[in-house]
Amino acid sequence: MTNKRTPGYWLMKSEPDTFSIDDLLKAKNQTSPWDGVRNYQARNYIRDEMKIGDLAFFYHSSCKVPGIVGLVEIVKSAYPDHTALEPKSPYYDPKSSAQNPRWYMVDVKFKQKYDEPLSLEVLKMNPKLKGFKLLNRGNRLSILPVSLQEWKTIQAMI
DNA sequence: GCCAACGTTGGC
DNA sequence: GCCAACGTTGGC
């Protein structure tokens, strides 16, 4: 018997100069590994909590208009991020090894690109999103959980 | 490009 | 285990 599980909700940040939602759109099967996460808390979310079928907002950071630009689905759960083992990769980490991988990634599949990005500026104005991790002062997590309430609130703003 | 906030590193 | 120094993130 299959145990149907409530999907988890996430927000995943990427700098569009490095990997944008359009890059994901153009990827084979509109699917791509989400590599390069090098933060332990984000790694733990990926490795321990992200499951196939979970949904995530795709967020563009460090760009002209930071904000949520679309929606993706987790289609492969955590496996070792091999870029950590490649000396030429910008994500190389000499302390990681194939025997004892330090970093993990998931595969994400494109679901939707919004007609208009939902900007950080607009998100900040919604009082219902008080407490949303993205809006916390000094927040630097590149992968963060979104509660069902937050998810619904944000969906209603699109 | 600036800089506040935060995470990581390493000496002790 | 503390904490100063350093590196990175990311909005502005």
Side-chain angles (χ1 to χ4, degrees), chain A residues 8-27 32-50 54-74 77-108 110-147 149-158:
Chain A
Y9 300 107
W10 305 94
L11 181 141
M12 303 172 82
K13 290 185 196 171
S14 182
E15 299 188 17
D17 288 346
T18 304
F19 187 75
S20 72
I21 191 147
D22 291 318
D23 293 328
L24 181 59
L25 248 172
K26 284 180 272 181
S32 170
W34 196 273
D35 60 15
V37 171
R38 296 291 179 271
N39 167 284
Y40 288 105
Q41 204 177 341
R43 189 275 315 266
N44 292 347
Y45 283 136
I46 285 178
R47 188 190 57 188
D48 306 333
E49 297 188 42
M50 270 190 172
D54 282 2
L55 298 173
F57 291 124
F58 196 123
Y59 180 91
H60 281 175
S61 66
S62 292
C63 56
K64 202 166 181 184
V65 182
I68 294 169
V69 293
L71 188 61
V72 301
E73 180 179 349
I74 311 304
S77 55
Y79 61 106
D81 182 344
H82 55 80
T83 63
L85 307 179
E86 295 162 6
K88 285 181 192 158
S89 168
Y91 303 126
Y92 179 59
D93 179 358
K95 290 173 185 164
S96 192
S97 68
Q99 294 74 30
N100 190 16
R102 174 177 292 211
W103 305 111
Y104 287 80
M105 59 191 180
V106 294
D107 285 358
V108 300
F110 174 85
K111 291 275 286 183
Q112 198 180 348
K113 179 183 174 180
Y114 303 135
D115 295 335
E116 293 291 331
L118 182 52
S119 71
L120 177 63
E121 189 185 5
V122 169
L123 287 167
K124 279 180 180 168
M125 292 188 312
N126 191 329
K128 286 185 187 169
L129 292 178
K130 212 177 171 190
F132 182 34
K133 278 189 167 62
L134 178 73
L135 308 181
N136 283 358
R137 204 170 69 117
N139 160 64
R140 292 170 52 184
L141 263 184
S142 59
I143 306 277
L144 49 96
V146 179
S147 74
Q149 278 311 313
E150 289 160 351
W151 185 266
K152 285 180 176 169
T153 298
I154 295 166
Q155 287 286 4
M157 296 171 74
I158 291 156

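OP1 and OP2 of B:dA4 both lie 4.0 Å or more from every side-chain N or O belonging to A:Arg137.
A donor-acceptor pair shorter than 3.5 Å cannot be found between the side chains of A:Ser96 and A:Arg38. Looking at A:Thr83 and A:Asp81, their side chains do bring a donor and an acceptor atom within 3.5 Å of each other.
Legend: residues meeting ring pair (Phe, Tyr, Trp, His ring centres under 6.0 Å) with A:Tyr9, ordered by chain and number and at least two apart, are A:Trp151. The ring pair (Phe, Tyr, Trp, His ring centres under 6.0 Å) search around A:Tyr40 returns A:Trp103, not counting sequence neighbours.
The shortest distance between side-chain heavy atoms of A:Glu49 and A:Ile143 does not fall below 4.5 Å.
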Base versus backbone protein contacts along nucleotides 6-12 of chain C [heavy-atom cut-off under 4.0 Å; B, S, -]: -BBSBSS

